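Remarks on the structure that follows.
Each residue takes its place number in the sequence, starting with 1. These numbers come from a predicted model, not from an experiment.
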Amino acid sequence: MCAIMGFSKKTCTKEELRPYFDRTVTRGPDMSRIIETPSGYLCFHRLAIMGLTEAGMQPFELDGDYVVCNGEIYGFRPLKRQLTEKGYQFKSGSDCEILLPLFREYGLGMFARLDAEFALIIYDSKTDSLIAARDPIGIRPLFYGYDRDGAIVFASEAKNLVGLCDEICPFPPGHYYAGGKFVRYADLTTVGTYSQDDLETACKHIRDKLIAGVDKRLDADAPLGFLLSGGLDSSLVCAISSIVLGKKIRTFAIGMDKDAIDLKYAKEVADYIGADHTEVYMTRQQVLDSLEEVIAMLGTWDITTIRASMGMYLCCKAIHEQTDVRVLLTGEISDELFGYKYTDFAPSAEAFQQESKKRVDELYMYDVLRADRCISVNSLEARVPFGDLDFVKYVMSIDPRLKLNTYDMGKYLLRHAFEKDHLLPDDILWRQKAAFSDAVGHSMVDDLKAYAEEKYTDEEFETLRGKYDYGTPFTKESLLYREIFEKYYPGQAKMIADFWMPNKEWEGCDVNDPSARVLANYGASGQ
C-alpha cells in the first residue's frame with residue numbers, strides 16, 4: 001500500500017498540507033515526498049513492494065508530467081518491454097513507472113487497458129491540471145473534495161481531507177477525472193447478454209480464471225503472506241498459491257480466545273497444504289479497547305464492516321509486529337459474485353443477478369474498504385484474487401439461473417469448479433458459509449452488542465438516534481458506532497450509502513441484524 005494526495009491549486013503551503021497528508025503515513029512508511037507542480041502539489045508515502053530500491057520512489061516524471069499511484073499493475077513486465085522497444089527508458093523495477101509512458105501513448109484511453117488495482121493522480125503539463133482515476137472495483141481507495149477556495153483535492157483516505165474540505169466524497173470506481181468531469185471508463189457488472197456456457201463449461205472457466213488471478217498476484221519483491229479463515233474463499237486462494245509457488249506459504253488465522261470457530265478449519269487447511277501457519281487469539285477486552293481505533297481507521301458507521309474489521313485488524317496488527325510479511329492475499333469479493341446466505345432467498349434468477357450487481361458496485365464502501373484499511377494501517381499491502389477483472393467480468397456474465405442456490409449448497413459453482421483437483425479436504429470444500437465476523441467466535445458480536453446495551457438507556461438511545469436523519473441508527477450498537485464515526489468524520493455520513501443488510505424486500509430477509517445467524521437457513525454454518 002501507499003498513500004497519495006493531489007492539490008489542483010496552491011491554496012495552502014507545503015507546511016500547511018503536510019499534517020493532513022501524514023494522517024496516512026502508515027500506508028507508506030518507507031519514504032515520503034511532496035513536490036510542487038506549476039499549479040499545485042503531488043504527495044506520496046511509499047510502501048516498497050515492487051522495485052525496492054530508492055529508484056522506485058514516486059512521483060515518477062516524464063517530460064514535465066508527473067504521476068503518483070497506489071497500485072499494482074499486473075502484467076507490467078511485457079508492457080515495459082513493449083514500451084522499451086518504443087524508446088522509453090526506465091530507471092527502476094517499479095510496475096508504476098510504466099504509467100506515464102502509457103499516458104503518453106494512449107492518453108485517457110490508458111485506464112481501460114490496465115489490468116490493475118490502482119488509484120492514481122497524474123499532473124498533465126500540457127493542460128496544467130490534474131487527472132485522477134480508480135480501478136473498476138475500487139480495491140484501492142481514493143477520495144476527493146473541494147477546499148474553501150474551490151480547488152479539487154484528491155487523497156487516499158477520507159481522513160486526509162477532514163478539515164480541508166466541507167464535503168468528502170468517495171471517488172467512483174471505474175472512472176477517471178479530467179477537465180473537471182468524471183467519466184466512466186469501465187463497467188464490469190452491467191451484462192448485455194448472458195454467456196451461453198453450461199454448468200461444466202462455466203466451472204472450467206471459473207477454475208482457470210481464478211488460478212490465473214491468483215498467479216499474477218504472487219509477483220512481489222517483498223515477502224508474501226496469506227489470510228486464512230478456513231472458509232472456502234481464503235482456503236482456495238491459499239491452496240492455489242501453494243501449488244503455483246511450489247513452496248511452503250505463510251498463513252495466518254484469528255479467533256476469539258474462548259469460542260473460535262474458524263481456527264480449527266484454518267489449521268486443517270494449513271496442515272493439508274503444508275503451510276507455515278500462525279494462530280492469533282483475541283480477547284473481549286482487546287475488541288472493546290480497539291473499537292474506537294478501528295472506526296477511526298475505517299471511516300464508516302456500517303455495522304457489518306466494523307464487526308468484520310475487528311478480527312482482521314488485530315490479525316494484521318500481529319503480522320506487522322511479529323513478521324517481515326509485507327503483502328497479504330485475501331479471499332474478499334467471492335460472496336458478492338457467488339452469493340451470501342441470504343441470497344438463497346432470491347425470488348428469481350434476475351433478482352439474484354441484480355443483487356450481485358449492487359453488491360459488487362458498492363464493494364468499495366464495505367468489504368473492500370475493510371480489507372484495505374485493516375491491512376494498510378498496519379503497513380501491509382492487500383491483494384484480492386477474486387477481484388481479478390477478467391474473473392469478475394466472466395462470473396457476472398454467467399447465466400444467473402446457474403448461480404441460484406438450487407443445489408442445497410451455496411456457491412456451488414465455485415466448489416464444483418475445484419472438486420476434481422482435491423486442493424482442499426472435502427469437508428472444507430463443501431463446508432457451509434459462515435460470515436467472518438461470526439466465525440471468529442459468536443461471542444465477539446455478542447460482546448459488542450452487550451457493551452452498547454450497557455452504554456445507553458432506552459431513553460438515551462431514542463434521543464441520540466434522532467440527531468441523525470441519514471443512516472439513522474436502529475440499534476444501540478449502531479448508535480455507538482455512529483457516535484464514534486462522527487467524532488472523527490463530522491458530517492460525512494454520506495460517504496457510505498446505507499447499512500449493509502440482507503435485501504429486506506425478499507421473503508425471509510426482513511431482519512434487523514446483518515449477521516447470517518438471524519436467517520432461517522443459517523443451519524450448520526459457523527459450527
Side-chain angles (χ1 to χ4, degrees), residues 231 259 261-262 287 295 298 300-311 332 334-363 365-367 369-370 403-406 408-411 431-453 455-456 458 461-462 465 468 470-482 485 493 496-527:
D259 65 340
I261 296 167
D262 266 354
V287 169
I295 294 174
L298 290 170
T300 188
W301 38 265
D302 175 59
I303 301 167
T304 304
T305 307
I306 293 166
R307 288 178 180 175
S309 294
M310 301 305 303
E332 273 77 26
S334 174
D335 293 341
E336 291 76 13
L337 295 169
F338 293 101
Y340 301 87
K341 292 298 291 186
Y342 84 85
T343 54
D344 288 359
F345 295 97
S348 67
E350 192 53 37
F352 179 100
Q353 181 74 9
Q354 291 308 309
E355 191 71 8
S356 182
K357 173 178 170 54
K358 170 182 166 62
R359 294 305 184 189
V360 175
D361 286 346
E362 294 182 349
L363 262 168
M365 292 183 281
Y366 302 105
D367 271 13
L369 179 148
R370 165 177 59 85
K403 290 182 279 191
L404 272 180
N405 187 7
T406 58
D408 196 30
M409 176 58 68
K411 297 186 180 178
R431 180 189 167 204
Q432 288 283 359
K433 163 74 180 173
F436 181 58
S437 55
D438 291 324
V440 295
H442 288 168
S443 65
M444 188 198 76
V445 170
D446 296 341
D447 289 341
L448 287 167
K449 286 181 171 181
Y451 177 68
E453 283 293 331
K455 187 170 180 63
Y456 305 107
D458 291 347
F461 168 65
E462 289 300 334
R465 69 188 290 267
Y468 307 112
Y470 180 90
T472 305
F474 58 96
T475 63
K476 291 180 181 178
E477 181 190 11
S478 61
L479 174 63
L480 172 64
Y481 299 163
R482 182 59 175 274
F485 171 87
I496 308 298
D498 202 351
F499 290 101
W500 191 104
M501 294 285 287
N503 191 328
K504 289 176 174 283
E505 296 178 3
W506 294 354
E507 186 176 348
C509 295
D510 189 8
V511 293
N512 286 317
D513 191 287
S515 170
R517 276 198 280 163
V518 303
L519 298 173
N521 66 336
Y522 191 63
S525 298
Q527 293 183 6

Only pairs under 3.5 Å count here: list side-chain donor-acceptor contacts from residues 496-510, not counting sequence neighbours, and write none if there are none.
| from | atom 1 | to | atom 2 | distance (Å) |
| --- | --- | --- | --- | --- |
| Asn503 | OD1 | Glu505 | N | 3.0 |
| Asn503 | ND2 | Glu355 | OE1 | 2.9 |
| Lys504 | NZ | Val511 | O | 2.4 |

From OH (Tyr522) to CG (Asp344), nearest 0.5 Å:
13.5 Å
Please check: side-chain N/O of Arg482 versus main-chain N/O of Arg465, any donor-acceptor pairing under 3.5 Å?
no
Applying salt bridge (Lys or Arg N to Asp or Glu O under 4.0 Å), can you list everything that pairs with Lys357, at least two apart in sequence or on another chain?
Asp361
Flag the pair Asp262 and Arg431 as a salt bridge only when some basic side-chain nitrogen lies within less than 4.0 angstrom of an acidic carboxylate oxygen.
yes
Should Tyr481 and Thr305 be marked as a side-chain contact (heavy atoms from CB on, under 4.5 Å) after you check the CA-CA gap, both sets of side-chain angles, and the distance that decides it?
CA-CA 11 Å; Tyr481 299 163; Thr305 307; over 6 Å; no
Would you sort out whether Asn521 and Phe345 count as a side-chain contact (heavy atoms from CB on, under 4.5 Å), showing the intermediate values?
CA-CA 9 Å; Asn521 66 336; Phe345 295 97; 3.5 Å; yes
Just by modelled atom types, is the Tyr468 backbone N or O under 3.5 Å from a matching donor or acceptor in the Thr472 side chain?
yes
Kindly say whether Ala516 contributes a backbone atom to a donor-acceptor pair with the side chain of Lys341 at under 3.5 angstrom?
no
Any ion pair linking Glu477 and Lys449 (charged N to carboxylate O, less than 4.0 Å)?
no
Shortest non-hydrogen contact from Leu479 toward Phe461:
CD2-CD1, 3.8 Å
Within a strict 4.5 Å, meaning less than it, do heavy atoms of the Val287 and Leu448 side chains meet?
yes
Listed partners of Lys455 passing salt bridge (Lys or Arg N to Asp or Glu O under 4.0 Å), at least two apart
none
Once rounded to the nearest 0.5 Å, what's the spacing between atom CE of Met444 and atom CE of Met310?
7.0 Å
Just how far is it from atom CG of Asp513 to atom OG1 of Thr475, taken to the nearest 0.5 Å?
7.5 Å
With sequence neighbours excluded, residues passing salt bridge (Lys or Arg N to Asp or Glu O under 4.0 Å) with Glu336
none
Would you give the length of the straight line joining atom CG of Asp447 to atom NE2 of His442, rounded to the nearest 0.5 angstrom?
12.5 Å
When you measure from the side chain of Ser348 to the backbone of Ala351, do you find a donor-acceptor pair of N or O atoms at a distance under 3.5 Å?
yes
Once rounded to the nearest 0.5 Å, what's the spacing between atom OG1 of Thr406 and atom CG of Leu404?
6.5 Å
By side chain to side chain contact (heavy atoms under 4.5 Å, CB included) - contacts of Ala450 (at least two apart):
none
Please report the shortest heavy-atom distance between Ile306 and Thr300, naming the atom on each side.
CD1-O, 3.7 Å
Set of residues satisfying salt bridge (Lys or Arg N to Asp or Glu O under 4.0 Å) with respect to Glu350, sequence neighbours excluded:
none
If only atom types and distance count, is the side chain of Asp259 paired as donor or acceptor with the main-chain N or O of Ser443 below 3.5 Å?
yes
So CZ of Arg359 and CE of Met365: to nearest 0.5 Å the spacing works out to 10.0 Å
Nearest heavy-atom contact between Lys476 and Tyr456 is NZ-O, 3.0 Å
Any side-chain heavy-atom pair of Lys411 and Lys403 under 4.5 Å:
no
Donor-acceptor pair, Ser515 side chain versus Val518 backbone, under 3.5 Å?
no
Heavy-atom side-chain proximity of Asn405 to Thr343 below 4.5 angstrom:
no
